[in-house]
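Notes follow once the structure below has been shown.
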Amino acid sequence: MKIKTQMFLLAVMFFFITAGTEKSDLKEGYRLGDLAPEIGLTGADSDIVFANNTLHYTLLHFWAAYDGNSRKQNVLLWNHLKMKNLPHLKMISISMDYSKSVFEETIKIDGLESTNQIYEWQGKNSDIYRKFGLKKGFGNFLIDDRGVIIAVNVTPEILDRIVN
């Protein structure tokens, strides 16, 4: 009986010690409630870090010209955000195309500004692809200013409900 009581007290102490630690229960990953992994891009001036962001939200969208649905979502989301003009939301699109010229031409054809459109030359072989658990069809992640993933694969309608 004494051992059970001691184990219980140790468990309670451990809970109180870790409960007070900021972000102690958060782990890095790609599921709801996880801390979004930092993105290190080859050749970029700086990494993309989501925690301590001055904005309220970051929408991170993955796409490729050869994947029609992800490309369509990219255009829909960019046009929606341009129309809504939400100053507390930033969108970053990362292309997983294998050719930079295809990426650049697709942006022109789709009528998108190159601002915050990023080319990941390693595509499906990149760390980003693995860290975010991407699969065919790619997807997107809505990340708050603490770096926590609060929504996955949002549409413009869902985005409006969350952000507003």
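Any value given below was found using the heavy atoms of this structure, including those in side chains, with hydrogens, waters and symmetry copies removed.
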Query raised in the report: So, for Leu134 and Ile128, which heavy atoms are closest and what is the spacing to 0.1 Å?
Result: CD1-O, 4.5 Å
Query raised in the report: In chain order, what residues pass the salt bridge (charged side-chain N to carboxylate O under 4.0 Å, His left out) check against Lys84, with sequence neighbours excluded?
Result: Asp160
Requested in this report: Salt-bridge test for Arg130 and Asp127: reply yes if a basic N is under 4.0 Å from a carboxylate O, no otherwise.
Outcome: yes
Query - Taking every non-hydrogen atom, the tightest pair across Thr155 and Gln73 - result: CA-NE2, 4.3 Å
Query raised in the report: Is there a side-chain contact (heavy atoms from CB on, under 4.5 Å) between Tyr57 and His88 once you walk through the steps?
Result: CA-CA 6 Å; Tyr57 303 100; His88 53 287; 4.1 Å; yes
Query - Between NZ on residue Lys82 and CG on residue Leu77, distance to nearest 0.5 Å - result: 14.5 Å
Query raised in the report: Do you reckon Ile158 sits in the same ILVMFWY cluster as Val75, going by side-chain contacts under 4.5 Å, direct or chained?
Result: yes
Requested in this report: Calculate, to the nearest 0.5 Å, the distance between atoms NE2 and CG belonging to His61 and Asn153 respectively.
Outcome: 9.0 Å
Requested in this report: Starting from the C-alpha separation in whole Å, work towards a yes-or-no answer on side chain to side chain donor-acceptor pair (under 3.5 Å) for Ser95 and Asp97.
Outcome: CA-CA 6 Å; Ser95 168; Asp97 283 303; 2.7 Å; yes
Report task. For the residue pair Phe62 and Asn74, establish whether any side-chain heavy-atom pair is separated by less than 4.5 Å. Result -> no
Query raised in the report: Under 6.0 Å between ring centres, would you say that holds for Tyr30 and Phe141?
Result: no
Query - Spatial distance of atom OG1 (Thr58) from atom CG (Asn116) [nearest 0.5 Å] - result: 9.5 Å
Query raised in the report: About how many Å separate CD of Glu28 and CG of Leu35, when rounded to the nearest 0.5 Å?
Result: 7.0 Å
Query - Separation between CD1 of Ile143 and CG of Leu89, rounded to the nearest 0.5 Å - result: 11.0 Å
Query raised in the report: Do Ile39 and Ile94 have side chains that get closer than 4.5 Å, going by heavy atoms?
Result: yes
Report summary line: Of all heavy-atom pairs linking Ser70 and Ala64, the shortest is OG-N, 3.2 Å
Report task. Please determine which of Leu86, Asn140, Ile92 meets the side chain to side chain contact (heavy atoms under 4.5 Å, CB included) test together with Leu59. Result -> Asn140
Query raised in the report: Are Phe138 and Asp67 close enough, and set up right, to give a side-chain contact (heavy atoms from CB on, under 4.5 Å), and what steps lead you there?
Result: CA-CA 9 Å; Phe138 307 108; Asp67 184 285; 3.9 Å; yes
Side-chain donor/acceptor pairs under 3.5 Å, residues 108-115, sequence neighbours excluded:
from	atom 1	to	atom 2	distance (Å)
Asp110	OD1	Arg71	NE	3.3
Asp110	OD1	Arg71	NH2	2.8
Asp110	OD2	Arg71	NE	2.9

Query raised in the report: Taking Asp34 for the side chain and Ala36 for the main chain, is one N or O donor matched with an acceptor at less than 3.5 Å?
Result: no
**Report entry** Shortest non-hydrogen contact between Thr106 and Ala65, atoms and distance
**Finding:** OG1-CB, 3.3 Å
Requested in this report: Would you mind reporting whether Ile150 and Ile162 have side-chain heavy atoms less than 4.5 Å apart?
Outcome: yes
Query - Linked, directly or transitively: Val102 and Tyr119 (ILVMFWY side chains, under 4.5 Å) - result: no
Query raised in the report: Which heavy-atom pair separates Arg31 from Ile149 by the least distance, and what is that distance?
Result: O-CB, 3.8 Å
Query - Straight-line distance of Leu60 CG to Met91 CE, nearest 0.5 Å - result: 9.0 Å
Requested in this report: Evaluate side-chain contact (heavy atoms from CB on, under 4.5 Å) for Tyr98 paired with Phe103, printing each intermediate quantity in order.
Outcome: CA-CA 8 Å; Tyr98 296 108; Phe103 161 72; over 6 Å; no
Query raised in the report: When hydrophobic residues are tied together by side-chain contacts of less than 4.5 Å, even through go-betweens, does Leu142 share a cluster with Leu76?
Result: no
Report task. Over all heavy atoms of both residues, which pair between Gln117 and Trp78 is shortest? Give the atoms and the distance, please. Result -> NE2-NE1, 2.8 Å
Report summary line: The side chain to side chain contact (heavy atoms under 4.5 Å, CB included) partner of Met96 among Gln122, Lys124, Glu120 is Glu120
